[in-house]
Amino acid sequence: MESLERAAALIAGAERLVVFTGAGMSAESGVPTFRDALTGLWARYDAQALATPEAFAADPALVWGWYEWRRELARRVRPNAGHEAIARLEHATVITQNVDDLHEQAGSKNVVHLHGSLFAPRCSACAAPAEQGAQGDPPACESCGNPVRPGVVWFGEALPVDALEKAVEAAANADVLITVGTSGVVYPAAEIPQVTARMGGTVIQVDPEPTPLDPICTVTLRGTAAGVLPQIIR
Ligand code: BV8
Ligand code: ZN
């Protein structure tokens, strides 16, 4: 059976479906992936160096400015046909590494953010949620006066325990997991599809490039999120 047909049949027959997404999911909405060279003002920076507590401590205004730029971009873009196809899977658990809200904008209800969100800035000291759009580079916390930080998980930081637990449980119970647009190099997120495979579930991958997840995938579709997902999600 041709791969697209095989993937569509596996998805249609799935009882406990999980969709695991990375930056490639948002690429066709106009959001640069982590590995795309950072554009324009940020071209000379490396995302992995900027996305750390050390970078924020060294230069809060620079790191805050980068996230404000990404938040404004995320606010302007719209879900693509891939997000809309996933939103048709009403009972699926969507586990995303992305910090945009495109799955929610497309209508997905059960979205787990492993790496936080651009839309949840919080105080770097008392963790009080901060007003989006508060003035300052970065703004000062209204409760304790300390700097506000982006609400994302940086390299070297632990993932939110509740999100990780929910994701591992969903992946362990899944009979089918679709992994879309992730390079599968960042841990522990990259474990998620591997948990499904280890527990005997079927993994379907959608990515234009080879990834380290290839060996655990029953079906790999070499294409893009917006190009492939509407063909396999009926
Ligand atoms: C932790 C939020 C410990 C921030 C992100 C050495 C070996 C192994 C591990 C480590 C190591 N040294 C350090 C580590 C741990 C580290 C890690 O894994 N490092 C990697 C680089 C080796 N992990 C951590 O630090 C994690 N924390 O381990 O904490 C701990 C434990 C307890 C207590 C204290 C501490 C935290 C990691 C989270 C970092 N934050 N994002 C922000 O957004 O700014 S990670 C970020 O990059 C993304 O969220 C994503 O997870 C990751 C990779 O990005 P992808 O989504 O995969 O995107 P990428 O650009 O890489 O690839 C795009 C893919 O899409 C490609 O495959 C491409 O082909 C495809 N594509 C392109 N276009 C399309 C497409 N697909 C479909 N359609 C298209 N159109
Ligand atoms: Zn505070």
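For ligands, and for the atoms within them, numbers begin at 1 and follow the listed sequence. Here the structure is a predicted model, which is why all the values come from computation and not from measurement.
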Does the distance from a Lys or Arg side-chain N to an Asp or Glu carboxylate O, for Arg71 and Glu68, drop under 4.0 Å?
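Counted as a salt bridge, because a side-chain N and a carboxylate O are separated by less than 4.0 Å.
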Among all the protein's non-hydrogen atoms, which is closest to [atom], and how far away is it?
atom	value
atom 50 (C) of ligand 1	Gln97 OE1, 3.4 Å
atom 40 (N) of ligand 1	Val153 O, 2.8 Å
atom 33 (C) of ligand 1	Ala158 CB, 3.6 Å
atom 9 (C) of ligand 1	Tyr187 CB, 4.6 Å
atom 77 (C) of ligand 1	Ala225 N, 3.5 Å
atom 74 (C) of ligand 1	Gly24 O, 3.6 Å
atom 38 (C) of ligand 1	His115 NE2, 3.5 Å
atom 73 (N) of ligand 1	Ala27 CB, 3.8 Å

For ligand 1, which part of [X] has a heavy atom less than 4.0 Å away: the side chain, the backbone, both, or neither?
X	answer
Val185	backbone
Gln48	side chain
Val186	both

Measure from the side-chain N and O atoms of [X] to the backbone N and O of [Y], and report whether any donor-acceptor pair falls under 3.5 Å.
X	Y	value
Asp175	Glu15	yes
Thr52	Ala55	yes
Asn80	His83	yes
Asn98	Gly24	no
Ser29	Arg78	yes
Arg222	Asp207	yes
Thr220	Gln205	no
Asp214	Thr211	yes

Does some non-hydrogen atom of Met25 fall short of 4.0 Å from ligand 1?
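It does not, in that no heavy atom of Met25 comes within the 4.0 Å cut-off of ligand 1.
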Closest heavy-atom contact between [X] and [Y]?
X	Y	result
Gly223	Val228	CA-CG2, 3.7 Å
Val148	Ala130	CG1-CB, 3.6 Å
Pro193	Ala190	CD-O, 3.3 Å
Leu118	Val152	N-CG1, 4.3 Å

Non-hydrogen protein atom less than 4.0 angstrom from [atom]:
atom	value
atom 53 (C) of ligand 1	yes
atom 7 (C) of ligand 1	no
atom 79 (C) of ligand 1	yes
atom 20 (C) of ligand 1	yes
atom 11 (C) of ligand 1	no

Mind checking whether Thr224 and Glu28 have side chains closer than 4.5 Å, heavy atoms only?
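In contact.
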Carefully, step by step, assess Glu72 and Arg75 under the rule salt bridge (Lys or Arg N to Asp or Glu O under 4.0 Å).
CA-CA 5 Å; Glu72 284 318 305; Arg75 213 189 275 295; 3.6 Å; yes
Considering both backbone and side-chain atoms of [X], is one of its nitrogen or oxygen atoms within less than 3.5 Å of a nitrogen or oxygen in ligand 1?
X	result
Val180	no
Asn98	no
Ala51	no
Leu159	no
Thr224	no

With the Zn ion (ligand 2) as the apex, the SG/SG angle for Cys126 and Cys144 - to 10°
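Taking the Zn ion (ligand 2) as the apex, the two atoms subtend 120°.
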Show me which atoms of ligand 1 lie under 4.0 Å from any heavy atom of Glu28.
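Ligand 1 atoms under the 4.0 Å threshold to Glu28: 78 (N), 79 (C), 80 (N).
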State the atoms of ligand 1, each with its element, that fall below the 4.0 Å cut-off from a heavy-atom position in Glu209.
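In order of number, 69 (O).
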Among [options], which one puts a heavy atom closest to [atom]?
atom	options	result
atom 44 (O) of ligand 1	Trp154, Tyr67, Trp66	Tyr67
atom 58 (O) of ligand 1	Ala23, Pro212, Gly22	Ala23
atom 68 (C) of ligand 1	Asp207, Asn80, Thr96	Asp207
atom 57 (O) of ligand 1	Pro208, Ser29, Ala226, Ser183	Ser183

Under 3.5 Å, is there a donor-acceptor pair linking the side chains of Asn146 and Ser124?
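No pair is found: no donor N or O on one side chain lies under 3.5 Å from an acceptor on the other.
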Criterion side-chain contact (heavy atoms from CB on, under 4.5 Å) on His115 and Val186, from CA distance to verdict:
CA-CA 11 Å; His115 293 157; Val186 173; 4.3 Å; yes
